[in-house]
Amino acid sequence: MCGIVGYIGEREASSILLNGLKHLEYRGYDSAGVAVINSELTVKKKAGKVSGLDILLQTDPVIGKVGIGHTRWATHGAPTDLNAHPHTDSDNNIALIHNGIIENYAALKKKLAADGCSFKSETDTEVLVVLIRAFYDEFGNMAKAFRYALKQVVGAYGIAMVSTFDPDRLFVARNGSPLAIGIGDREFIVASDASAIVQHTRQVVYLDDGEMAVIERDRYVTKRIDDDTPVDKEVEEVVFDLAEIEKGGYNHFMLKEIFEQPEAIRNAMRGRLDLEASTVRLGGLMNVIDRLRDAKRLIIIACGTSFHAGLVGEYLIEGLAGIPVEVEYASEFRYRDPIITKEDIVIAISQSGETIDTLAALREARNRGAMTLGIVNVVSSSIARQTDAGVYSHAGPEIGVASTKAFTSQLMVLALMAVKLARMKRMSASEGRTILKALHELPEKVEYTLSRHEQVKEISRAYAEVPNFLYLGRGYNYPVALEGALKLKEISYIHAEGYPAAEMKHGPIALIDKNMPVVFIAPQDAVYDKVISNIEEVRARNGRVIAIANEGNRQIEPLAEHVIYVPETLPFLSPIINVLPLQLLSYYVAVDRGCNVDQPRNLAKSVTVE
Ligand code: M6R
């Protein structure tokens, strides 16, 4: 949430900052702003998208080679020009941008106000810049003022700051919200993620919680905020290409990422199928695999789409490997005093690896003695670094706020884990071979399903104006129903609910009339006949049925207004295929409704505040 970028070097800062903000806009798009130091500090900021700031900077350019930029997802204070970042001290000598929440801002503000300080905005961030100024007036040293102020702060932050008092330095800090320093040739680009850095350099240092850096044109120092001790940081190489974070001819990132799924799931499998031993190889779990096999209980924690992947994971791991699994929203797990023992293994699933609820739940599990594992997409993200072991999903950068390829890659990793554990426990080599063959065939089936997108587009036209949708599925495809509903509501603003199909009778059936579209996920698996009965129940109440069914199933045609056919695979892999038409349906409905698919209102890609 909120994108942060900063620059110090020999080039004009504003265009680098603006470009960085365009890459970071998926993190929040309520307002945008920059602050650049020349002989004095110039701040330009505006409510709305980065394009608005771009126009402002074209008509009134700012000059300077040190600066910071921010794109905001509002927490404290409405998305107005005044509340936009950067925030400054009273006489415009210090400018600061912030991602996160300063939880004790009210107490700090009260104390500062009592000391005679005044405030211009409603934000928590402004309190910090005013506090830094107060310390600067006391110490006359900007690095010390920055550090002392941060020591007073309770909450999460990624921060960048510039000041006319120390014009050749850029100050950054991290506690809970990501911050990376890109190392260029006599220049540094800092950002809340590498997408704003990669076009300038691939050499990156990631700050850890409780660390700050003071950056000059040709050197930087990293240290602990609490006691000022220097920390040596490893320089890492960013692995993705610029092309991966551009739209590549598609109208939206979401559509591009939907169509990248064959490759994404190939990448999630690459090097992991052991054909000789009819099993799976997961290098990241090598040291913990025996403990996993013998675990009495696995607990999966995640949010949003990743939570839905976790639910499929429960069915997969229990069904194939026979290990009990619980799945919980990370935000609930953390605050309900969960009973965790040293025997438990907690698995965090996250695309970004930065979701604060998941991260906090993970820390809670760890504090209570559990071993922690991660299934994460973003390499070197906080969750990836803070777990004992894990598996990368290798979906590549996902920019669209609506998660698509990250979901199917997570499902693939979970399937691989389940097969690995099952082969160690109770699955025969011949079953293993059958599954490996099905896995091998899956990317082509995904490709084929996506090639039929025109049919889904056509169907979507009939539903662009409806106010509600219901999604129903059973077994492995119940979480797919939840995911279909989430996709539709987040990008089209149509109210949608997902339910286990049989649960409909216990309440949601009251909603069904001739205006209610009901999407049934109905592959020919063990519960197919039951799902058909549920379809009949909806038809009896004049509901409009859209069925996702296996190719060749003509029996379902008379029961549905529309049938979307998908290829058959093994039941436990079917979510990877069945979710595809649901992603496409939500995309086309949202486009028909004129919605901003990649930047849906009120949302941000990575939720780094509680
Ligand atoms: O990065 P994470 O996987 O931890 O993110 C979790 C959710 O915030 C995310 O899946 C969210 O629900 C998406 N917008 C869904 O499309």
Side-chain angles (χ1 to χ4, degrees), residues 1-2 26-29 73 176-178 192-193 195 252-255 257-258 261 264 268 300-313 327-334 347-362 374-387 390-411 413-414 471 479-480 482-493 496 498 579-580 582-587 590 595-610:
M1 274 174 162
C2 299
Y26 70 95
R27 300 181 71 95
Y29 27 81
W73 186 86
S177 301
S192 35
D193 71 61
S195 60
H252 297 98
F253 280 112
M254 181 182 177
L255 192 62
E257 287 157 7
I258 287 175
Q261 286 177 107
I300 296 178
I301 48 171
C303 301
T305 289
S306 298
F307 173 78
H308 298 154
L311 290 176
V312 178
V327 190
E328 193 161 344
Y329 284 116
S331 52
E332 287 299 312
F333 176 87
R334 188 191 171 191
I347 305 176
I349 305 181
S350 175
Q351 185 286 128
S352 61
E354 301 294 348
T355 300
I356 196 75
D357 286 324
T358 311
L359 197 53
L362 196 69
I375 297 176
V376 174
N377 187 36
V378 177
V379 174
S380 287
S381 55
S382 300
I383 293 176
R385 288 138 68 89
Q386 291 179 34
T387 37
V391 185
Y392 281 120
S393 49
H394 293 315
E398 190 181 69
I399 309 291
V401 166
S403 191
T404 52
K405 64 175 181 171
F407 178 67
T408 42
S409 307
Q410 288 164 345
L411 295 184
V413 169
L414 286 159
Y471 286 75
V480 174
L482 298 181
E483 177 59 9
L486 175 61
K487 279 300 78 93
L488 187 75
K489 67 185 135 194
E490 72 179 326
I491 59 169
S492 74
Y493 319 138
V579 75
L580 306 171
L582 307 189
Q583 295 170 344
L584 288 167
L585 184 67
S586 62
Y587 173 79
C595 298
N596 186 339
V597 171
D598 282 334
Q599 295 178 342
R601 71 183 178 210
N602 304 336
L603 283 169
K605 179 70 181 160
S606 145
V607 182
T608 54
V609 295
E610 284 190 65

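Hydrogens, waters and symmetry mates play no part in the numbers below; they use all other heavy atoms, side chains included. We're numbering straight along the sequence, starting at 1. Start at 1 and go down the list; that is how both ligands and their atoms are numbered.
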A.B. asks: Can you name the atoms of ligand 1, numbered from 1 with element, that are less than 4.0 Å from a heavy atom of Gln351?
C.D. replies: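 Under 4.0 Å from Gln351, ligand 1 has these atoms: 1 (O), 2 (P), 3 (O), 4 (O).
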A.B. asks: Using a strict cut-off of 4.0 Å, indicate which atoms of ligand 1 neighbour a heavy atom of Val401.
C.D. replies: 13 (C), 14 (N), 16 (O)
A.B. asks: Against Pro600, only a single residue in Val597, Asn602, Leu603 fulfils side-chain contact (heavy atoms from CB on, under 4.5 Å); can you say which?
C.D. replies: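 Only match with Pro600 under side-chain contact (heavy atoms from CB on, under 4.5 Å): Leu603.
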A.B. asks: Quick check: do Phe407 and Leu486 have side-chain heavy atoms less than 4.5 Å from each other?
C.D. replies: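 No - every pair of side-chain heavy atoms lies 4.5 Å or more apart.
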A.B. asks: Only pairs under 3.5 Å count here: list side-chain donor-acceptor contacts from residues 305-312, not counting sequence neighbours, and write none if there are none.
C.D. replies:
unit_1, atom_1, unit_2, atom_2, d
Thr305, OG1, Glu483, OE1, 3.0
Thr305, OG1, Glu483, OE2, 3.1
Thr305, OG1, Lys487, NZ, 3.0
Ser306, OG, Gln410, NE2, 3.0
His308, ND1, Glu483, OE1, 2.9

A.B. asks: How would you list all residue pairs meeting salt bridge (Lys or Arg N to Asp or Glu O under 4.0 Å) that involve residues 398-408, not counting sequence neighbours?
C.D. replies: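 Passing the test, one end in residues 398-408: Glu260-Lys405, Glu398-Lys605.
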A.B. asks: Of the non-hydrogen atoms in Ile301 and Leu362, which two are nearest, and what is the gap between them?
C.D. replies: CD1-N, 3.7 Å
A.B. asks: Classify the side-chain pair Thr408/Gln261 by whether it contains a donor and acceptor separated by less than 3.5 Å.
C.D. replies: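 The criterion, which ignores hydrogens and geometry beyond distance, is satisfied for Gln261 and Thr408.
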A.B. asks: Should Lys487 be listed as contacting ligand 1, given a heavy-atom distance under 4.0 Å as the test?
C.D. replies: yes
A.B. asks: With heavy atoms of Ala402 as the reference, note each atom of ligand 1 found under 4.0 Å away.
C.D. replies: 16 (O)
A.B. asks: So which protein heavy atom does atom 7 (C) of ligand 1 come closest to, and at what separation?
C.D. replies: Cys303 O, 3.7 Å
A.B. asks: Can you list the ligand 1 atoms lying under 4.0 Å from a non-hydrogen atom of Ser306?
C.D. replies: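 Going through ligand 1 atom by atom, the ones under 4.0 Å from Ser306 are 2 (P), 3 (O), 10 (O).
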A.B. asks: If you have a sec, work out which protein heavy atom is nearest atom 4 (O) of ligand 1 and how many Å separate them, to one decimal?
C.D. replies: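 Answer, as residue, atom name and distance: Thr355 OG1, 2.4 Å.
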A.B. asks: Counting heavy atoms only, which of Leu603, Ile375, Thr404, Val607 comes nearest to atom 8 (O) of ligand 1?
C.D. replies: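 Among Leu603, Ile375, Thr404, Val607, the closest heavy atom to atom 8 (O) of ligand 1 belongs to Val607.
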A.B. asks: Do the side chains of Val607 and Asp357 get nearer than 4.5 Å, heavy atoms only?
C.D. replies: no
A.B. asks: Can you list the ligand 1 atoms lying under 4.0 Å from a non-hydrogen atom of Ser352?
C.D. replies: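 Those qualifying, in numeric order: 1 (O), 2 (P), 4 (O).
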A.B. asks: Any idea which protein heavy atom is nearest atom 12 (O) of ligand 1, and the distance to it?
C.D. replies: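 Of every protein heavy atom, Gly304 CA, 3.3 Å lies nearest to atom 12 (O) of ligand 1.
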A.B. asks: Just by distance, with hydrogens left out, do Ser382 and Glu354 show a side-chain donor and acceptor under 3.5 Å apart?
C.D. replies: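 Side-chain D/A pair, Ser382 to Glu354: present.
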A.B. asks: Show which atoms of ligand 1 fall inside a sub-4.0 Å distance from at least one heavy-atom site of Glu490.
C.D. replies: 13 (C), 14 (N), 15 (C), 16 (O)
A.B. asks: Can you sort out which atoms of ligand 1 are near Ser403, meaning under 4.0 Å from one of its heavy atoms?
C.D. replies: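 Listed by number with element: 15 (C), 16 (O).
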A.B. asks: Can you name the atoms of ligand 1, numbered from 1 with element, that are less than 4.0 Å from a heavy atom of Thr305?
C.D. replies: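 It comes down to these atoms of ligand 1: 10 (O), 12 (O), 15 (C), 16 (O).
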